[in-house]
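This report concerns only the one structure given below.
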Amino acid sequence: MRIRWTKAVLASVALASVWGAHAAWPDKPVKLVVPYAAGGAADALARVVAAELSLRLKQQVVVDNKGGGGGTIGAQAVAQAPADGYTFLYDATSFAVNPSLFPKLGFDYARDFTPIAMVARIPTLLVVPASSPVNTVADLVQLARAQPGKLSYASAGSGGAAHLSGELFKQGHRLDVLHVPYKGGAPALTDLAGGQVDMMFSAVTVSAPLVKSGRLKAIATAFDKRIEAMPELPTVAETGLPGFSAYEWNAVFAPAGTPADVVGRMEAEMKEVLSAPAVRERLAAMGALPATGGAKALGAFVLAESAKWAAVIKAARIKLD
């Protein structure tokens, strides 16, 4: 199942573009729920945003971690929270993926949320062990076709970004490669560096240091364009899969029904937050690219992402309980 925004959500986004003065808001702290454990990439980025947003709103913006269920527990908490402008969801790629992975959720991502703003995009690298004979995507595809069912790709867990990126690559090239899920990105990268698995799609924030230290080789980026930090690295799209794009992203959403003027104010403030030089520097240091575009652009992006990953998940017959 993919996301389809309801008419009520689309109407609230349209109204938000002409927000008026909601002078009393906010008159108490605002909660930014991160549906993942503290210490992760989304949590770190959320805290940068929350600090700057607190200054602009003149009220404390509190990051509240509600991890578990692949992001669904925290998302459900926000979906069921009062739509009064004091609870927002800071989510990531799983927002567009979970509706297809978890068919029996107790809430609806499309019905129960209103898009506010994209925060950042995090490029992904396609990496192989430093000892691998593979130096290009063409090498990898040739090797996989010569040894069907022998090569493997790692992920931080079933249904996550690395898993789905691997499936998109596998389906695009019609390869027979084995998925090896780990309990987290760190053990997956450790085994990849040791040669126990053959390839992995990994966020540049965690894989780039291993590339620089010589433990891994990057053969492409799954981003939609070449990245400034590694301009010599081609995109997967350039190497034979036109249109291929698989990267992680973060964004802010409000419970559906949040007053349109509050949604508009938050959208406007998020634009200013992401324009602040200090914030842009902090995000860049974490390997994240500050996003542009407001609620309408985010809504369209989530629809496209949801449709793309729904097709991948259906073809791979991935289901999580």
Side-chain angles (χ1 to χ4, degrees), residues 1-5 9 33-37 40-43 45-46 66-79 89-116 118-124 153-172 179 181-185 188 200-203 205-206 222-224 236 243-253 288 291 298-321:
M1 182 181 71
R2 67 185 190 185
I3 289 176
R4 294 180 176 86
W5 298 118
V9 168
V33 175
V34 177
Y36 311 101
D43 174 66
L45 293 171
K66 290 185 181 296
T72 61
I73 292 175
Q76 182 166 3
V78 176
L89 177 67
Y90 186 99
D91 212 338
T93 313
S94 62
F95 186 96
V97 171
N98 282 345
S100 296
L101 287 178
F102 301 97
K104 297 179 181 180
L105 290 173
F107 66 101
D108 188 305
Y109 277 93
R111 181 194 65 214
D112 297 332
F113 294 98
T114 295
I116 298 290
M118 179 82 86
V119 173
R121 304 193 300 164
I122 302 95
T124 299
Y153 72 95
S155 80
S158 295
H163 179 195
L164 298 183
S165 298
E167 281 296 330
L168 184 63
F169 182 83
K170 171 183 172 181
Q171 292 172 19
H179 171 226
Y182 287 79
K183 294 182 178 180
M200 182 176 179
F201 284 90
S202 176
T205 47
V206 292
F223 204 44
D224 53 11
V236 172
F244 187 99
S245 177
Y247 56 86
E248 299 184 42
W249 50 270
N250 289 187
V252 176
F253 302 85
L298 173 57
F301 173 80
V302 170
L303 287 178
E305 283 284 283
S306 176
K308 175 176 72 178
W309 295 124
V312 171
I313 290 166
K314 182 178 180 179
R317 298 180 181 179
I318 304 168
K319 289 295 178 186
L320 302 181
D321 295 325

Check the pair Q171 / V312 against side chain to side chain contact (heavy atoms under 4.5 Å, CB included), numbers first and verdict last.
CA-CA 8 Å; Q171 292 172 19; V312 171; 3.8 Å; yes

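- Taking 4.5 Å as the limit, every side-chain heavy atom of H163 sits out of range of all side-chain heavy atoms of F201.
- Note that the NE2 atom of H179 and the CD atom of E167 stand 7.5 Å from one another [nearest 0.5 Å].
- Expressed to the nearest 0.5 Å, how far NZ of K66 lies from CG of L89 amounts to 12.0 Å.
- For the pair I122 and L45, the minimum side-chain heavy-atom distance is below 4.5 Å.
- Between N98 and G70 the shortest heavy-atom distance is ND2-O, 3.0 Å.
- The ring pair (Phe, Tyr, Trp, His ring centres under 6.0 Å) search around W309 returns none, not counting sequence neighbours.
- Side-chain contact check for V252 versus L298: every heavy-atom pair is 4.5 Å or farther apart.
- Taking the six-membered ring for Trp and thresholds of 30 and 60 degrees, F113 and F95 have ring planes more than 60 degrees apart, a perpendicular arrangement.
- Contact annotation: the side chain of V119 approaches that of Y90 to within less than 4.5 Å [non-hydrogen atoms, C-beta and beyond].
- Among all heavy-atom pairs drawn from S100 and I313, the shortest one is CB-CD1, 3.6 Å.
- Here the CG-OG1 distance, from L320 to T72, works out to 10.0 Å after rounding to the nearest 0.5 Å.
- More than 12 heavy atoms of other residues, nucleotides or ligands sit less than 6.0 Å from atom NZ of K308.
- Nearest approach of A156 to M200, heavy atoms of both residues: N-CE, 4.3 Å.
- Here F223 pairs with Y247 under the ring pair (Phe, Tyr, Trp, His ring centres under 6.0 Å) rule; sequence neighbours left out.
- If you take OH on Y109 and OG on S94, they are separated by 5.5 Å, rounding to the nearest 0.5 Å.
- Here the shortest heavy-atom pairing between M118 and A251 reads CA-CB, 3.9 Å.
- In this structure, R121 CZ and N250 CG are separated by 12.5 Å, a value rounded to the nearest 0.5 Å.
- Side chain to side chain, Y36 and D43 fail the donor-acceptor criterion of an N or O pair below 3.5 Å.
- Annotation: side chain of F253 is in contact with side chain of V302 (closest heavy-atom distance under 4.5 Å).
- Nearest heavy-atom pair across A154 and A162 is O-CB, 4.2 Å.
- The shortest distance between side-chain heavy atoms of P35 and D91 falls below 4.5 Å.
- Between T205 and E248 there is no side-chain heavy-atom pair separated by less than 4.5 Å.
- Taking all atoms of both residues into account, the shortest heavy-atom contact from W249 to A96 is CZ2-CB, 3.9 Å.
- Side-chain contact between F107 and V78 is absent, with no heavy atoms from C-beta onward closer than 4.5 Å.
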